[in-house]
There are 2 protein chains.
Amino acid sequence: MGIGSANVSERAQQPPELAISTVIFALRTDAGHGRPTLWLPLVRRTRQPFRDLWALPGGPLSAAESLQDAAARSLQETTGLQPSYLEQLYAFGGLDRSPVQRMVSIVYWALVRPDEAALARETENVGWFRADCLDRLAFDHNLIVDYALWRLRNKVEYGSIAYDFLGPKFTLAQVREVYEAVLGRKLDPANFRRQLRSTPDIEETDEYVQGGRHRPPRLYRYTGAAAQRNNGPLSQTVE
Amino acid sequence: MGIGSANVSERAQQPPELAISTVIFALRTDAGHGRPTLWLPLVRRTRQPFRDLWALPGGPLSAAESLQDAAARSLQETTGLQPSYLEQLYAFGGLDRSPVQRMVSIVYWALVRPDEAALARETENVGWFRADCLDRLAFDHNLIVDYALWRLRNKVEYGSIAYDFLGPKFTLAQVREVYEAVLGRKLDPANFRRQLRSTPDIEETDEYVQGGRHRPPRLYRYTGAAAQRNNGPLSQTVE
DNA sequence: CCAAAAGTGTTTGACTTACACCCATGA
DNA sequence: TCATGGGTGTAAGTCAAACACTTTTGG
């Protein structure tokens, strides 16, 4: 306690540290049941504070890069991944986020496609975890992940985020599985299908997935421009 | 151009400056037609860059205050107002926001009630302007105001933001005028009324507004807890 | 043939929109 | 009494949930 107070009065002199972190979501097909679930990569802290706890990937903001570039860079450096979607989540700046120093974190969230996620390196200090059952993370990162999950669920219900989890061609059942994994509940296949077909940006191909145990499903393609989605005020297509 | 390049290479050494700004909205009943419109306070810049242009109120982040506290403080200092709603908007960190120095601004947006807004001081360097017809502001503040407007319109359609523009008791027509001012279009009084009455948080009082030229309208009260609204991940009621 | 997923059709109820209509007040 | 906004009723249209049903494959 005495040490804590000393820290507080000490650090009141220094300017707040500014860092960029990223919550990265990917879909992985769990071995247990065949359905995909949400996973995310975390890095193990090798220094105090919170040494040996898992934390979100991130780092300081370099002087010559934009916030979004910094998020993409830290993501690339820690996991080797390229995101298919990247959007600012929130700026966290509470006084007691770190016991050592006042820290302001501008947090982004990202989606990666399964082919990308498959070649993600998993090392001693980088691990993948199911998003819905994390244990204690460093700093306030549990809160941040929960908020990112909330935003992801909102976006998937509203917009066209789901395709950023998928490859260029997909069955409608795969899209439904994305929705079900993100929202955590089953959806009516018939109604879901109609709903998707009624949107303008889904185009059917002439290809079918062969080799399944049942009737071969048709493959579809997403034709909506990725840029037309609202990921912040800087995408000029905001009306 | 030569000077610009020198600045860029110079400032690449320094860490980015961190500032907090706030977009403050209030409803004012325009003298022209009786209907209220959206206004916001701006401060005149007295120094370079953008000297003599109007800008959003704000300032640096002190080491001992949270982001939201900093927003409330800068709001209080420049306009003397206390907001009825305050939420983080976005963190702006583009490389070319300021010609002088790399700057990261965490921007909040706020609503104030008309009684508060009425006693807002208007000085040589603090002025109020209609939100829909601003001329050139300092930095990227036009973009920021536009984005704040977009968020405000979204929130008003979805949530219970409108009551933060109003006093403790109000007529349903006043609520409708808030919606109309924010959304910029007329709404059917009959349907709007029904829609509001069907929400749980509107309670009728036994009072009526006397003295109008027509049938006296009933006064209502908003009973929804202000805390139950989602203004960010830190409101613990986020499910 | 059977099981199961792909895909289609139909019914139902909830909700929105438009608009006709009555009520209460000041002028 | 009339004009006007407050307030109620109602029919048409839209949309999503529920679910029965047909199609097509592997076993």
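A note on names: the letters A, B, ... follow the listed sequences, proteins ahead of strands, and every chain is numbered from 1.
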Could you run through nucleotides 17-27 of chain C and give me one letter per nucleotide, 5' to 3': B if any protein heavy atom sits under 4.0 Å from the base, S if only the sugar-phosphate is that close, - if neither?
-> BBB---BBBS-
Measure the distance from OH on Tyr208(A) to P on dT25(D) and round it to the nearest whole Å.
-> 9 Å
For DNA chain C, which residues in residues 171-182 of chain A have a heavy atom at a distance below 4.0 Å?
-> Ala173(A), Arg176(A)
Tightest non-hydrogen contact, residues Ile20(B) and Ala70(B), listed as CG1-CB, 3.9 Å
Heavy-atom side-chain proximity of Phe139(B) to Leu56(B) below 4.5 angstrom | no
Hey, mind stepping through Arg73(A) and Glu77(A) against salt bridge (Lys or Arg N to Asp or Glu O under 4.0 Å) and telling me if it holds?
-> CA-CA 6 Å; Arg73(A) 180 179 53 80; Glu77(A) 285 175 0; 3.3 Å; yes
Aromatic ring proximity, centroids under 6.0 angstrom, Phe170(B) and Tyr222(B) = no
Hey, are the side chains of Leu67(B) and Tyr108(B) touching, using non-hydrogen atoms and a 4.5 Å cut-off?
-> yes
Given the rule in the side chain to side chain donor-acceptor pair (under 3.5 Å) test, do Arg151(B) and Asn154(B) qualify, once you have shown the distances and angles that lead to the verdict?
-> CA-CA 5 Å; Arg151(B) 273 276 272 280; Asn154(B) 270 32; over 6 Å; no
Is the side chain of Arg28(A) donor-acceptor paired with the backbone N or O of Phe129(A) at a distance under 3.5 Å, no angle test?
-> no
Flag the pair Leu137(B) / Ile144(B) as yes when at least one side-chain heavy-atom distance between them is below 4.5 Å, and no otherwise.
-> no
For Glu180(A), all residues meeting salt bridge (Lys or Arg N to Asp or Glu O under 4.0 Å), sequence neighbours excluded = Arg176(A), Lys186(A)
With sequence neighbours left out, write down each residue that passes salt bridge (Lys or Arg N to Asp or Glu O under 4.0 Å) with Glu203(A), or none if nothing qualifies.
-> Arg221(A)
What pairs of residues pass the side-chain hydrogen bond (donor to acceptor under 3.5 Å, both in side chains) test when at least one of them lies in residues 117-127 of chain A, not counting sequence neighbours?
-> Arg44(A)-Asn125(A)
CZ of Arg35(A) versus C1' of dA5(C): gap in Å, rounded?
-> 14 Å
For the pair made of NZ in Lys186(B) and C1' in dG5(D), what is the distance, rounded to whole Å?
-> 12 Å
Integer-rounded Å distance: dC15(D) C1' and Glu157(A) CD = 16 Å
Rounded to the nearest angstrom, tell me the gap between atom CD in Glu204(A) and atom C1' in dA6(C).
-> 13 Å
Would you work out how much the helix from dC1(C)-dG27(D) to dA27(C)-dT1(D) bends between its ends, with each end axis defined by five base pairs, to 10 degrees?
-> 10°
Value in whole Å for how far the P atom of dG9(D) lies from CZ of Arg197(B) = 12 Å
